[in-house]
Amino acid sequence: MPMLNSIKRRLVEPLATLVNELHIGSDGTAASADDGGARTLASITPTVRIIDDTSILVEGSFTVNHVFSDSVQEVYLQYKDPSTGEFIPVYRADIQPFTKNAQNEVLFSFILELD
């Protein structure tokens, strides 16, 4: 029997607090459920919103001020404990490589859903 939505809401609320960094990186290896890191080019603090009882929306923008010589090939979400520095990987995806320069801005949007 699937979990009821009323308890999923109690799980999605803490999940929203556990995504506090969005990274882009240059590692082009295939993403998997066991990923534990990224070859980070830059990181930002994303905006996180609860959108319903089972989902959160995570968004972050890398502006024209973010310029890299390496191609962006991955995006990565994590929780980083501000008091200990410990981090917990949340999500990683390998993406089609692109050049991030002063002529473009990149917005990433993710919907993370509890099943």
Side-chain angles (χ1 to χ4, degrees):
M1 178 174 146
M3 194 180 334
L4 300 177
N5 285 342
S6 56
I7 195 66
K8 286 182 183 180
R9 177 60 183 221
R10 293 194 181 257
L11 296 173
V12 84
E13 289 171 358
L15 176 61
T17 68
L18 294 176
V19 180
N20 62 5
E21 289 189 354
L22 190 162
H23 294 247
I24 55 175
S26 59
D27 185 356
T29 60
S32 75
D34 296 320
D35 276 332
R39 191 170 298 141
T40 298
L41 294 171
S43 69
I44 58 171
T45 301
T47 301
V48 180
R49 291 184 312 157
I50 296 172
I51 54 177
D52 62 26
D53 287 344
T54 62
S55 306
I56 63 172
L57 174 66
V58 180
E59 292 186 307
S61 178
F62 291 88
T63 67
V64 295
N65 297 321
H66 294 97
V67 176
F68 311 106
S69 56
D70 292 332
S71 292
V72 175
Q73 298 184 63
E74 68 179 325
V75 62
Y76 181 76
L77 300 175
Q78 76 175 11
Y79 168 71
K80 185 172 182 182
D81 187 315
S83 61
T84 66
E86 176 189 18
F87 70 91
I88 299 170
V90 176
Y91 174 85
R92 178 180 174 266
D94 54 295
I95 58 176
Q96 189 71 25
F98 68 92
T99 301
K100 176 65 190 83
N101 56 41
Q103 283 72 50
N104 59 10
E105 182 173 358
V106 180
L107 172 68
F108 289 98
S109 297
F110 305 90
I111 294 177
L112 301 180
E113 183 177 30
L114 294 171
D115 283 332

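The model shown is predicted, which means the values in this text are computed figures rather than measured ones. For the numbers below, each heavy atom of this structure counts, side chains included, while hydrogens, waters and symmetry mates do not.
- Within the 3.5 Å criterion, the main-chain N or O of Asn65 finds a donor-acceptor partner in the side chain of Thr63.
- Of all the heavy atoms in Lys80 and Gly85, the pair that sits closest is CE-O, 3.8 Å.
- Put simply, the side chain of Glu86 never gets that close to the backbone of Asp81: no donor and acceptor are under 3.5 Å apart.
- Annotation: ring pair (Phe, Tyr, Trp, His ring centres under 6.0 Å) contacts involving residues 91-110, sequence neighbours excluded, comprise Tyr91-Phe110.
- Side chains of Ile56 and Leu15 form a contact here, defined as non-hydrogen atoms less than 4.5 Å apart.
- Arg9 places a side-chain heavy atom less than 4.5 Å from the side chain of Ile50.
- Under the rule for a side-chain contact (heavy atoms from CB on, under 4.5 Å), the partners of Ser55 that lie at least two apart in sequence or sit in another chain are Ile51, Asp52, Ile111, Glu113.
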Under the criterion side-chain hydrogen bond (donor to acceptor under 3.5 Å, both in side chains), I'd like the reasoning laid out for Ser26 against Gln73: C-alpha separation, chi angles, the key distance, then a yes or no.
CA-CA 5 Å; Ser26 59; Gln73 298 184 63; 5.9 Å; no

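- Asp27 and Thr29 form a side-chain donor-acceptor contact under 3.5 Å, judged by distance and modelled atom types alone.
- Checked against side-chain hydrogen bond (donor to acceptor under 3.5 Å, both in side chains), Lys8 has no partners two or more places apart in sequence or in another chain.
- Proximity of Leu22 to Val75: side-chain heavy atoms (C-beta onward) are separated by under 4.5 Å at one or more points.
- Contacts of Phe68 classified as ring pair (Phe, Tyr, Trp, His ring centres under 6.0 Å), with partners at least two apart in sequence or in another chain: none.
- At a threshold of 4.5 Å between side-chain heavy atoms, the hydrophobic network of Ile, Leu, Val, Met, Phe, Trp and Tyr places Leu112 and Ile95 in one connected group.
- Of the residues listed (His23, Glu74, Gln78), the one engaging Arg92 in a side chain to side chain donor-acceptor pair (under 3.5 Å) is Glu74, and it is the only one.
- Residues Phe62 and Ile44 form a side-chain contact, since some pair of their non-hydrogen atoms from C-beta on lies under 4.5 Å apart.
- Between Leu18 and Ile88 there is no side-chain heavy-atom pair separated by less than 4.5 Å.
- Under the rule for a side-chain hydrogen bond (donor to acceptor under 3.5 Å, both in side chains), the partners of Ser61 that lie at least two apart in sequence or sit in another chain are Glu105.
- Proximity of Val90 to Val58: side-chain heavy atoms (C-beta onward) are nowhere separated by under 4.5 Å.
- Lys100 places no side-chain N or O within donor-acceptor distance of the main-chain N or O of Asp70, the cut-off being under 3.5 Å.
- By the side-chain contact (heavy atoms from CB on, under 4.5 Å) test, Leu11 pairs with Met3, Leu114, sequence neighbours left out.
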